[in-house]
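Side-chain atoms are counted along with the backbone in the values below, which use heavy atoms only and exclude waters and symmetry mates. First listed ligand is number 1; within each ligand, the first listed atom is number 1.
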Amino acid sequence: MEERTGTIVKVAGPLVIAEDIPGAKMYEMVYVSNKRLFGEIIEIKGNLSSIQVYEDTSGIGPGDPVFSTGMPLSVELGPGMIGSIYDGVQRPLDVLKEKYGDFIVRGSYEPALNRTKKWHFKPLVNKGDEVVQGDVLGEVQETLAITHRILVPVGISGKVKEIVKEGDYVVEDVIAKIETGNGTKEVKMYQKWPVRIGRPYLKKLPPVRPLITGQRVIDAFFPIAKGGTACVPGPFGSGKTVIQHQLSKWSDADIIIFIGCGERGNEMTDVLTEFPELKDPRSGRPLMERTILIANTSNMPVAAREASVFTGITMGEYFRDMGYSVALMADSTSRWAEAMREMSGRLEEMPGEEGYPAYLASRISSFYERAGRVIVLGSKEKEATLSVIGAVSPPGGDLSDPVVQATLRTVRVFWSLDAQLAYARHFPSIHWLRSYSLYADSLADFYRKEMGEDWIDMRKEAMRILRREAELQEMVRLVGIDALSSSDRLTMEIARSIREDFLQQNAFMEEDTFTSLKKQYRMMKLIHLFYEYAKEALEKGVDLDKIVELPVRVDISRAKLIPEDNLEKFDEIEKKMQEEFDSLIKEVQYG
Ligand code: ADP
C-alpha cells in the first residue's frame with residue numbers, strides 16, 4: 001500500500017507542523033520524516049497539522065515527509081503484556097535494550113507483542129456457539145499468576161464458524177472465525193485499541209468493596225474502593241516510593257500497572273531497577289508476573305508522558321474486561337501536566353492558571369474517569385474493577401498547585417503525605433487530619449460485615465480523638481500541660497496511642513508490613529477498650545498517672561507484631577487489661 005504523505009513546514013522541539021497530510025484526523029498517528037518517528041496529530045488548522053512527536057526531533061526539518069497511517073494512536077492487547085516494560089508508545093523497552101543497548105535509536109521499532117513466541121491456547125467455545133463482544137473464546141496461561149482470556153473483540157457478535165484446537169499459536173494466528181451479520185470476521189489472539197478512547201463496558205456500578213491494602217492508615221481511615229480513584233502527593237523523602245511499592249505488593253488486585261511519567265533520568269531508572277526485584281509476598285514469585293511497567297526513556301521528549309498515561313489506562317481496561325481487578329499507579333501525573341503545558345505553549349494556546357492549558361482539568365479527569373467498577377461486555381454477567389492511584393508532585397509541596405487542585409476535583413481519595421511526619425519518622429506519612437476518603441460511607445456496610453458492627457463508630461471516635469488532640473496541643477502551647485484536665489490529658493494519651501500503636505506501620509518489618517482487616521479491628525479495639533476503662537477509672541477517682549503506667553500499655557504498643565495466625569493473643573491482652581483496671585479501681589475503693 002502506498003503511504004500518503006505530507007510535508008514538514010516547521011519543527012519546534014517535540015512539536016512538528018506539517019502541511020497537506022492527506023485525510024489528516026485529530027489524534028491520528030503519523031510517522032515523522034524518513035526516520036519514522038512516532039507522532040500524533042493534536043491540532044488541525046486548514047491544511048496544517050500540529051504533531052506531537054514522541055521522540056527526539058533534532059535533525060528533522062522543513063521539507064521532510066510525514067507519513068499518515070489513518071489510525072489513531074493505538075496499543076496492541078494480547079498475550080505477552082504481563083511482565084513487560086514498555087515506553088509510552090508501547091515499544092517493548094526490554095526487547096529494544098537487548099537489540100540496541102541502553103540507548104534506544106530513534107525510530108527503532110519492535111512490535112509490542114512478540115510475533116514468534118508461541119502461546120498455549122485452550123479454546124472455551126465450540127463451533128456453532130453464538131458469541132457476543134466480550135465473550136471468552138479461550139485462554140492462555142500467560143504467567144503462573146495470570147490466565148489471559150482471549151475475548152471476542154468489541155463490535156463483533158455472531159456464530160463461531162471456526163475455532164482452533166487446543167495447541168500452541170503465535171499472536172498473529174487466526175484462532176477463530178466468527179460469522180456476523182456483516183461477513184465473517186477473523187479473530188487473532190491480539191487486538192488493537194485507540195488509547196484515547198475508553199474501552200466499552202455494559203454498566204458502571206457504584207463501588208462497594210475496598211481495595212484492601214493491608215496498610216492500616218489506608219484501610220481503616222482513608223480506604224480506596226475497588227474501582228475507585230486516589231491521589232497521593234509526595235514531597236521528596238516523604239515515603240512515596242515505599243507506599244507505591246506497598247500498594248503494588250499487597251493490594252488485593254489481580255494485576256498491577258505502573259506508569260512512571262518520571263523525571264528524566266534517575267527517578268525512572270529507579271522504577272526499572274527496583275520493580276523487577278520486588279517479590280509478590282503472597283506467592284513468593286516475582287511481582288512482575290502480574291505487573292506491567294510503563295516507563296519513558298530519558299531520550300524521549302516530555303510529550304511521551306501523555307502517551308504513557310493513556311497507554312497504561314487502556315491496558316488496565318483490557319484486563320478489567322477479562323474480569324480482573326486491576327490497580328493502576330501513575331507516578332507522577334504532575335510530569336504529564338508539565339508536558340501538556342509545554343505543548344500548549346508551543347501551540348500558542350491561551351494559557352490558563354500558571355501557564356497550564358485551560359483543558360488541564362478535563363484532560364486529567366478524562367484519565368481518572370476510566371477507573372470504575374463495571375459489568376464488562378459479554379453474555380455472562382461479570383463484574384470487574386479498575387482502580388487508579390495517581391501521584392502528584394507539586395513544586396515545594398504546595399497543594400494549591402493547579403495540577404493538585406484539578407486532580408482533587410476528580411479523585412475521591414486523598415492521601416496527604418507529610419514531610420514533617422516523614423522527618424519525625426512517622427510512616428506511612430499519610431496525614432490523618434489532611435487526608436480524606438469520600439468512599440468511607442459507601443464502604444461502611446462492607447466494613448461492618450467484615451470487621452464488626454462497632455467498627456464504624458470506633459473509627460469515627462478515633463478520628464475525633466485525633467482532631468481533639470490537635471486542639472489540645474494548641475492549648476498546651478499556650479498554657480502548658482498542667483492546665484489540662486485529667487480527661488483531656490487522657491485524650492492526648494489515647495491520641496498518641498492511635499498514632500504510634502495503630503497508624504505507624506513499618507514496611508520493612510515482616511509482622512508489620514501487612515495487617516489483615518481482622519487484625520486491624522483487634523488492634524483498634526484494644527485502644528478503644530483501654531480508653532473506655534480509663535474513663536471509668538478516672539471517674540472513680542483513679543490517678544491518671546497510674547492509668548498511663550499500666551503494664552498492658554506495653555502490650556498495646558506491641559500488638560502490631562502479633563502474627564496473623566495468632567490473633568487469640570488479643571483475647572489475652574484484653575483480659576489482662578480488664579484485670580489491671582479492676583485492681584486499680586479496687587485500690588481506690590478499698591484503699
Ligand atoms: P520518596 O520516594 O518520597 O522520596 P521513599 O519512599 O524513598 O521517599 O522513602 C524515604 C525513606 O523513608 C525510605 O528509605 C524509608 O527509610 C522510609 N520509609 C518510608 N515509608 C516507610 C514505611 N512505611 N516504613 C518504614 N520506613 C519507611
Subject >> Within-4.5 Å side-chain heavy-atom neighbours: Ile292 and Phe319 >> reply: yes
Original post:
So which protein heavy atom does atom 12 (O) of ligand 1 come closest to, and at what separation?
Top reply: Phe427 CZ, 3.2 Å
**OP:** May I ask you to check whether His148 and Tyr324 place their ring centers less than 6.0 Å from one another?
**Re:** no
**OP:** Give the residue, atom name and distance (to 0.1 Å) of the protein heavy atom nearest atom 10 (C) of ligand 1.
**Re:** Gly237 O, 4.0 Å
**OP:** Give the residue and atom name of whichever protein heavy atom lies nearest to atom 3 (O) of ligand 1, and the separation in Å to one decimal.
**Re:** Lys240 N, 2.8 Å
**OP:** Cation-pi check, Arg209 to Phe446: give yes when NZ or CZ is under 6.0 Å from the six-membered ring centre and within 45° of the ring axis, no otherwise.
**Re:** no
Subject >> Atom CD of Glu564: over 12 foreign heavy atoms under 6.0 Å >> reply: yes
Original post:
Is the centre of the Phe367 ring less than 6.0 Å from the centre of the Trp336 ring?
Top reply: yes
Original post:
Among protein heavy atoms, which sits nearest to atom 2 (O) of ligand 1, and what does the distance come to when rounded to 0.1 Å?
Top reply: Thr241 OG1, 2.4 Å
**OP:** Examine the proximity of ligand 1 to Arg425 and report which part, side chain or backbone, both or neither, has a heavy atom under 4.0 Å away.
**Re:** side chain
**OP:** Can you measure from CZ (Arg290) to CD1 (Ile257) and round to the nearest 0.5 angstrom?
**Re:** 12.0 Å
**OP:** Test the Arg553-Phe530 pair against the cation-pi criterion, namely NZ or CZ under 6.0 angstrom from the six-membered ring centroid and within 45° of the ring axis.
**Re:** yes
Original post:
Quick one: nearest non-hydrogen protein atom to atom 8 (O) of ligand 1, plus distance?
Top reply: Gly239 N, 3.1 Å
**OP:** Report yes if the distance between the aromatic ring centroids of Trp455 and His528 is under 6.0 Å, otherwise no.
**Re:** no
Original post:
Hey, is ligand 1 close enough to Ile243 that some N/O pair sits below 3.5 Å?
Top reply: no
Original post:
Nearest protein heavy atom to atom 13 (C) of ligand 1, by residue and atom, and its distance?
Top reply: Val242 CG2, 4.1 Å
Subject >> Numbering as shown, the atoms of ligand 1 that approach Asn506 to under 4.0 Å (heavy-atom distance) >> reply: 24 (N), 25 (C)
Subject >> Charged tip of Lys535 within 45° of Tyr531 ring normal and under 6.0 Å >> reply: yes
Original post:
Got an N/O contact under 3.5 Å between Phe508 and ligand 1?
Top reply: no
Original post:
Which atoms of ligand 1 have any heavy atom of Ala507 under 4.0 Å away?
Top reply: 22 (C), 23 (N), 24 (N), 25 (C)
Subject >> Element-labelled atoms of ligand 1 that are located less than 4.0 Å from some non-hydrogen atom of Gln505 >> reply: 22 (C), 23 (N), 24 (N)
Original post:
For atom 22 (C) of ligand 1, is the nearest protein heavy atom under 4.0 Å away?
Top reply: yes
**OP:** With heavy atoms under 4.0 Å as the rule, classify the contact between Gln246 and ligand 1 as side chain, backbone, both or neither.
**Re:** neither
